[in-house]
Q: 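Quick one: this structure, given as structure tokens, is what I'll be asking you about.
In this text, all values refer to a predicted model and were calculated from it rather than measured experimentally. Numbering of residues begins at 1 and proceeds along the displayed sequence.
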Amino acid sequence: MELLPAGTPPISKKQGFRSLKLVNVDMDQLLSDQPVGVDYGILDNGLRYYVRCNSKPRMRAALALAVRAGSVLEEEDERGVAHIVEHLAFSATKKYTNHDIIKFLESIGAEFGACQNAVTSADDTVYELLVPVDKPELLSRAISVLAEFSSEIRVSKDDLEKERGAVMEEYRGSRNATGRLQDAHWILMMEGSKYAERLPIGLERVIRTVSSETVKHFYKKWYHLCNMAVIAVGDFSDTQGVVELIKTHFGQKIPDPDPPLIPTIQVPSHDEPRFSCFVESEAAGSAVMISYKIPTDELKTVKDYCNLLAESMFLYALNQRFFKIARRNDPPYFSCSAAADVLVRPLKANIMTSSCKRKGTIEALESMLIEIESAYLERDQIQSTSLRDEYLQHFLHNEPVVGIEYEAQLQKTLLPHISTLEVSKCSEKLRTSCSCVIKTIEPQPFAVLDDLKNVVKKVNLLEEEGRISPWDDEHVPEEIVTTKPNMGHVVQELKYSNIGATELILSNGMRICYKHTDFLDDQVIFTGYSYGGLSELPENEYFSCSMGPTIAGEIGVFGYRPSVLMDMLAGKRAEVGTKIGAYMRTFYGDCSPSDLETALQLVYQLFTTNLTPGEEDVKIVMQMAEEAVSAQDRDPYTAFTNRVKELNYGNSYFFRPIRKSDLQKVDPRKACEFFSTCFKDPSAFTVVIVGNIDPTIAMPLILQYLGGIPKPPEPVMHFNRDELKGLPFTFPTSIHREVVRSPMVEAQCLVQICFPVELKNGTMVEEIHFVGFLSKLLETKIMQVLRFKHGQIYSVGVSVFLGGNKPSRIGDIRGDISINFSCDPEISSKLVDIALDEMLRLQEEGPSEQDVSTILEIEQRAHENGLQENYYWLDRILHSYQSRVYSGDVGTSFEIQDEGRSKVRSSLTTLTAQLALKRILPFPCKNKYTVVILMPKASPFQLLKSVFQSARTNYGREAKILAGVTGLAVLAFSLWRRAQNNSRHLLSRGAN
């Protein structure tokens, strides 16, 4: 929300939080119920509008149509219809047919994709568009699209049949372990209310059989202008012109004289906790969830806002406590977090979630409940956040909107006066008598309901007897760097005007390149990299050393245990992380300009800390790793992912899945030694810094903490990029079609079609850009065919991998382009053939002029957006250093990259696109590819049945296919994230 009292003048000068003036406040002061800082009004037909000028990003506008109509309004035979209406909106309206709206969005560079343009919840449906406004007619047309959604969605029998398959595929995609867990928890939380029976995705039988008349009836009944709002926030020359466009497209619509009232659905409270022991055989691990349901707070006065701040502080402190406990010896859980979230219009919840070891849910639950009770006893240790979305909250939830600037001033005024007592009182809402829901999640049954009830009784008894202690204290050092290093100096300074960047060579050999931007006032980001990584290791050391970042993370890579460092960083916004890939090692950070010194101190500590693994640290990491491997074995996607890697890249040790036997071979000392060695020699690193950086302030800090990193007597891990050891990739040379069958609770089907790619060295820069354009072309055309023509998929993704060899400046580049989608298992092979036919057609006939124009526009708009983002510039400058054309002058390398893009853009026609498809992909594409299809493992009865069906229909050929879609996340555990991605991650750097 925003807070700005009437009459407060607009701010003409940017201010940081620390420079904001305090304000005089009265706790009983009412907050304005009229939004401030926005052009707000109500048309005669009941439509509300919010219009605001906002110059970031430039020449862009974020638009939304919010409708107070969601799944809770559905009748029994309509369950899922609110979501179907949302789908049909993009299919056809009175003015737009045959997915013309999607074609329009793509033609102006506003991409269409899964969950990108609309969302249906229990209470409402929101349609969102992000459009360019450099041409006046684009904004007008975009608003007209929203107007079509409000009353002109076409719901014919043909429209519904074409979209039914896409909706069904979205439903099928939600029936994995994560979806089942979420649905079960929702039903448990909403028990006794209509919300419990109105999940937005709906019922399969309704999706498959609902009539167009039923869908149309729901649409006409609930879509009324008095229940809608248009929000427009963007780089407008003035708001009144936008208001006039809204009036033009919406103002002539005639309202229903007697629309039905939107009912208020209550969720009953309960004094006794509810318990559930949920067994999910495909779950990523064991977990505990404790939820406390409370009515949504009315935000009417300054005191109400102060209470929200106190609640945020309480949850922050509680999360700190959970974090510390997870890093104790023999902790009750691996991780635990607390958050507040609005569930439905009348209800929010404070939710605590932990992940724990197998058979550890009871212990985790007890620890969580004790900490919540202990929080109430604490008195000393508690220490003292897009505009369109804020206006959505005002319309949908009646939250005040009273000005960004004043809200920040109010926070600064109130925070110092919120006492620890006020914060700890928030724990009163976290009692098992306050509509509490306790749930365990386990892959195999262990805990039973009586176990959960007994834990609650035990903790309540401990509280009554006064045997729960307040939070204990932990010594927190005052300084991250206790002795400041000797300041380095600049050996060489170069300025690159085409980038707007300055390059420094420091006395310890570290190369620094910094660029000042004004995109975000409160952001400075940086990345440092050096060549040489895991590929240099012999096989017998690879696995131990690959565990280095994980073990080091538990010990504390910055010289302090993570729990201590968390306290040291309280009140600061400074984050630094590390990554070790196949060919490169990197550190990266994100901080506020005022906390740049802290971030650079962490980098200094990274380079000067020698890690020694403790027995307990290693024990915890190994427990987490074993749980991750067990979760992998339960995951139905694992066999699919493993076969994808093996078929496309070979069966070397680098790509093989991790087994429990591998964990037993880990040498923790070797792992830590390797990690320390990776970040030891500053002269091997290039660091790029981008953001709101003031050189006069930043330079002394750079010289102190980066220039002050001691250079070792002899070079450490200095590698020539042309002499790195390449990974043992083996790419397929013929056609491979395979089906991977995996046991599943509910049928899922994933498909990947993969084509080997080899780019020649002579025209590498242009070829890289051609690959980017072609991948978007393929994604658009496959989507058109499989979804919009055949209606059988929800979304499609095309990914490019160009890391099939070391980042040398010589030689060709190997990699692949893959197409991924999910679908009905029964038609997966057919859809593969349709996709291959479309790709072959593009190779033989070429794309249309409209196809090329659309791809160029999407790329141009993405480029324009990127030019206003710090991460885009960071990536481009890094890419210029790592490009094979780089020879010491990053400005020239950057210019060559830019010229390559411009050259490809100016030359891209239907003919050149066709030639590139033939040149870059195998031609004909049907002569060399791999396909893997993940299918449910059939029972013997089903197999026998399929044999008879096959004999009767004479379908003797069974498709064999390949795919590269990751499965469920495993315990949010970095080890497994690395294991799933290390064959691709950080391998494509230096390609051109």
Side-chain angles (χ1 to χ4, degrees), residues 174-191 196 199 270 272-292 322 326 330-337 351-370 432 436-460 620 622-639 659-660 663 742-748 936-940 967-973 976:
S174 72
R175 303 311 302 155
N176 55 21
T178 301
R180 289 190 294 273
L181 290 168
Q182 291 174 343
D183 291 355
H185 192 67
W186 175 270
I187 293 169
L188 186 65
M189 293 281 284
M190 300 298 164
E191 185 178 318
L199 289 163
H270 46 96
E272 293 298 321
R274 292 176 183 161
F275 301 94
S276 172
C277 296
F278 192 84
V279 178
E280 169 54 62
S281 61
E282 296 174 7
S286 299
V288 177
M289 295 181 68
I290 309 175
S291 304
Y292 302 88
F322 286 151
D330 195 21
Y333 40 70
F334 297 135
S335 65
C336 186
S337 63
I351 303 174
M352 288 82 201
T353 306
S354 70
S355 63
C356 57
K357 60 189 176 184
R358 181 173 174 267
K359 297 184 179 182
T361 52
I362 303 304
E363 181 186 4
L365 173 61
E366 180 176 336
S367 176
M368 293 165 71
L369 289 173
I370 287 177
T432 54
C436 178
V437 176
I438 297 176
K439 176 181 179 179
T440 60
I441 302 164
E442 297 179 301
Q444 295 89 27
F446 173 71
V448 296
L449 293 181
D450 284 344
D451 293 330
L452 309 189
K453 295 176 182 179
N454 289 336
V455 169
V456 172
K457 291 178 181 177
K458 177 181 178 181
V459 174
N460 287 342
I620 293 171
M622 290 301 111
Q623 283 181 343
M624 295 172 68
E626 288 180 8
E627 292 290 339
V629 173
S630 296
Q632 169 204 349
D633 295 339
R634 295 189 297 267
D635 188 345
Y637 304 100
T638 297
R659 299 177 293 264
K660 287 186 178 180
L663 299 177
S742 186
M744 301 179 190
V745 175
E746 295 187 56
Q748 301 282 316
K937 192 171 186 177
S939 67
L968 297 173
V970 180
L971 297 176
F973 181 44
W976 207 245

Q: If you take all heavy atoms of Val279 and Pro443, which pair is closest and at what distance?
A: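 Looking at all heavy atoms of both residues, the shortest contact is CG1-O, 3.7 Å.
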Q: In a check of side-chain contact (heavy atoms from CB on, under 4.5 Å) between Leu365 and each of Ile370, Val459, Leu452, which one passes?
A: Leu452
Q: Rounded to the nearest 0.5 Å, how far apart are OH of Tyr333 and OG of Ser286?
A: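 Answer for the OH-OG pair, Tyr333 versus Ser286, is 15.5 Å.
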Q: Are the side chains of Pro636 and Glu282 in contact, using a 4.5 Å heavy-atom criterion?
A: yes
Q: State, yes or no, whether a side-chain contact exists between Glu627 and Ser355 at a heavy-atom distance under 4.5 Å.
A: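 The answer is no, as the side chains (C-beta and beyond) never meet within the 4.5 Å cut-off.
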Q: Do Lys457 and Asp450 meet the salt-bridge criterion of a basic N to acidic O distance under 4.0 Å?
A: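 No, this pair does not count.
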Q: Where do Met622 and Leu663 come nearest, in terms of heavy atoms and distance?
A: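 For Met622 and Leu663, the tightest heavy-atom pair comes out as SD-O, 4.0 Å.
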Q: Any donor and acceptor pair, going by atom type alone, linking the side chain of Asp183 with main-chain N or O of Arg180 inside 3.5 Å?
A: no
Q: For the atom pair NE2 (His270) and CD (Glu191), what is the distance rounded to the nearest 0.5 Å?
A: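 The distance works out to 7.5 Å.
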Q: Measure the spacing between CG of Leu181 and NZ of Lys439 and express it to the nearest 0.5 Å.
A: 5.5 Å
Q: Supply the atom-to-atom distance Leu369 CG to Cys436 SG, rounded to the nearest 0.5 angstrom.
A: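 One gets 7.0 Å once the value is rounded to the nearest 0.5 Å.
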Q: How far apart are the closest heavy atoms of Thr361 and Ile441, and which atoms are they?
A: CG2-O, 4.2 Å
Q: Between Asp330 and Lys357, does a salt bridge (Lys or Arg N to Asp or Glu O under 4.0 Å) hold up when you go through it step by step?
A: CA-CA 11 Å; Asp330 195 21; Lys357 60 189 176 184; 3.8 Å; yes
Q: For residues Phe446 and Ile362, report the shortest heavy-atom separation together with the two atoms involved.
A: CE2-CG1, 4.5 Å
Q: Which heavy atom of Ser291 sits nearest a heavy atom of His185, and at what distance?
A: OG-NE2, 3.3 Å
Q: Can you check whether Ala747's main-chain N or O pairs, donor with acceptor, with Arg175's side chain at less than 3.5 Å?
A: no
Q: Indicate yes or no for a side-chain donor-acceptor contact from Ser630 to the backbone of Glu626 under 3.5 Å, with no hydrogens or angles considered.
A: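 Pair found, side chain donor or acceptor close to backbone of Glu626.
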Q: Backbone N or O of Thr638 within a donor-acceptor pair of the Gln632 side chain at under 3.5 Å?
A: no
Q: Please give me the minimum heavy-atom distance between Gln748 and Tyr637, naming the atom from each residue.
A: OE1-OH, 3.5 Å
Q: Measure the shortest side-chain to side-chain distance between Gln623 and Phe334 over non-hydrogen atoms and say whether it is less than 4.5 angstrom.
A: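 Yes, their side chains come closer than 4.5 Å.
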Q: Within the supplied structure, the quantity of interest is the number of heavy atoms (other residues, nucleotides, ligands) at a distance under 6.0 Å from Gln444 CD; does it exceed 12?
A: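 Result for CD/Gln444: enclosed.
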Q: Quick one: CG on Leu199 to CD on Gln182, what's the gap to the nearest 0.5 Å?
A: 10.0 Å
Q: From Phe278 CZ over to Leu188 CG, what is the distance, rounded to the nearest 0.5 angstrom?
A: 10.5 Å
Q: Would you say Cys356 and Glu363 make side-chain contact, with heavy atoms under 4.5 Å?
A: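 They are not in contact (no side-chain heavy atoms under 4.5 Å apart), so the answer is no.
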